[in-house]
Amino acid sequence: MVARKILQELGFETLEAADGQEALDVCKQKMPDGVLLDWNMPVMDGLQYLVELRALPGGDTPIVVFCTTENDIEHIQKAIEAGANEYIMKPFDSEIIQVKFSQVGLL
Amino acid sequence: MKPEDFDLIRKILRERSGLVLGEEKAYLLESRLVPVARKHGLAGLDEIVQKVRTAPAENLLVDITEAMTTNESFFFRDVKPFDLFRDNILKDLIESRAAKKSFRIWCAAASSGQESYSLAILLKEAAAKLAGWRTEIVGTDISKEILARATEGKYSQFEVQRGLAIQLLVKYFTKEGEQWRISQDLRDMVSFREFNLLNDFTPLGKFDVVFCRNVLIYFDQETKKKVLERIALMLPPDGVVFLGGAETVLGITDKFEPVPGQRGIYKLTGK
Ligand SMILES: C[S@@+](CC[C@H](N)C(=O)[O-])C[C@H]1O[C@@H](n2cnc3c(N)ncnc32)[C@H](O)[C@@H]1O
């Protein structure tokens, strides 16, 4: 995945999850500092994951950045309401990830 | 390109916009000027040079000059200057201008408008404190073409993702096809007009704050000095100028000095 490579180049230690449920399980064990989140995933989609994450104890701490091809205002608004900190619309480049991550304080 | 041809183009650029085109930038001529040649019914670079040497039409020279400008810009470019504007400069203005309730900001190299609109967003976000105020943001640039883009206020998905927080995007933009357009409200807060920094500044009037960012880098020492000293004349004693990250007043003019602890902001020395 492109994003993973970019994040590693920026010095992050990364973990990958195949879908929202898997991501939730990972977070339950140990909350990450940041989550880069796709919208469309099998089993549990990104939005549902975010709602459930924010309801977990300590689930308000990770900084969540959506990264998706869903790039209309409605999707973005839903994500913000669910507690997303930033939103990256695909296609993106490493500079956009970098700028957005520093805006939310991950860099 | 022959050295004498390069020198000819270089001379035109320097006289018309102040741009100092280094040898290392010669490669830019090809990509930037071939489209200009086409537009004027000329075959290529050599024909442009030929035309310029023998019968230069004003609109050809204008197009050459505009084509060689670098228009790169971002919303909230470098972040920090805009934080400083919001947290310090704007706060000071609201206090010091409380009686007349008005101030003016000039973006002296406005390019495609991101800087001016970033400031408009900051004023809008401070609207509660600015109720009943008359604020003006004037964006100027030498390039008519880039100003047309600024006025339209339409940006690509890439452009709105460089520097603009997502909350601000949904609040102040609407999607038009693949583009994002800044709201009419914000467009009304900014006026754009053509202006060459080599010209007399007096028609522009007075400003309280000047953003002159990422344009002096293209000029020679002499031109930088002239521009800065003319800006000094249009500011009130407590006025400030914002320069780009690679620009300074140090070693160029003693009319300004850095504001301690506020990188990129310069105040008048009174000299
Ligand atoms: C790199 S952009 C800077 C945009 C913006 N201030 C920023 O910092 O993002 C430089 C702009 O300066 C303009 N410019 C160059 N020479 C100029 C001149 N002599 N008078 C007015 N504008 C000029 C160019 O057209 C270009 O749009």
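Not measured: the values here are computed from a predicted model. Residue numbering restarts at 1 for every chain, and letters A, B, ... go by the order of the sequence lines.
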Novice: Report, by ascending residue number, the residues of residues 73-89 of chain B in heavy-atom contact with chain A at a distance under 4.5 Å; give 'none' if the set is empty.
Specialist: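 Expected list: B:F74.
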Novice: Sort out for me which of A:I73, A:V99, A:N71 touches chain B most, counting heavy-atom pairs under 4.5 Å.
Specialist: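 Result: the option with the highest number of such pairs is A:N71.
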Novice: Which of these passes side-chain contact (heavy atoms from CB on, under 4.5 Å) with A:S94: A:V2, A:L7, A:L10, A:I6?
Specialist: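 The residue from A:V2, A:L7, A:L10, A:I6 that satisfies side-chain contact (heavy atoms from CB on, under 4.5 Å) with A:S94 turns out to be A:I6.
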Novice: Are the aromatic rings of B:W106 and B:F207 close, with centres under 6.0 Å apart?
Specialist: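 Judged by ring-centre distance (under 6.0 Å), B:W106 and B:F207 do meet the cut-off.
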Novice: Can you confirm whether the side chains of A:E81 and A:Q77 place a donor and an acceptor under 3.5 Å from each other?
Specialist: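 Side chains of A:E81 and A:Q77: no pair found under 3.5 Å.
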Novice: Please check this pair: side chain of B:R213 against backbone of B:F242, looking for a donor-acceptor N/O pair closer than 3.5 Å.
Specialist: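 The answer is no, because no donor-acceptor pair under 3.5 Å joins these two groups.
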Novice: With a cut-off of 6.0 Å (strictly less than), are more than 12 heavy atoms of other residues, nucleotides or ligands near CD of A:E9?
Specialist: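 Yes, the 6.0 Å shell around CD holds more than 12 heavy atoms from other groups.
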Novice: Between A:E86 and chain B, with a heavy-atom cut-off of 4.5 Å, which part of the residue counts as in contact: side chain, backbone, both or neither?
Specialist: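 Both the backbone and the side chain of A:E86 come within 4.5 Å of chain B.
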Novice: Is a donor from one side chain sitting under 3.5 angstrom from an acceptor on the other, for B:S143 and B:D141?
Specialist: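 No, because no side-chain N or O of B:S143 sits under 3.5 Å from a partner of the opposite role on B:D141.
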Novice: Tell me which of these, A:D72, A:D93, A:I88, has more heavy-atom pairs under 4.5 Å with chain B than the rest.
Specialist: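 Top count of heavy-atom pairs under 4.5 Å with chain B: A:D93.
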Novice: Is the centre of the B:Y172 ring less than 6.0 Å from the centre of the B:Y117 ring?
Specialist: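 B:Y172 vs B:Y117: aromatic centres not under 6.0 Å.
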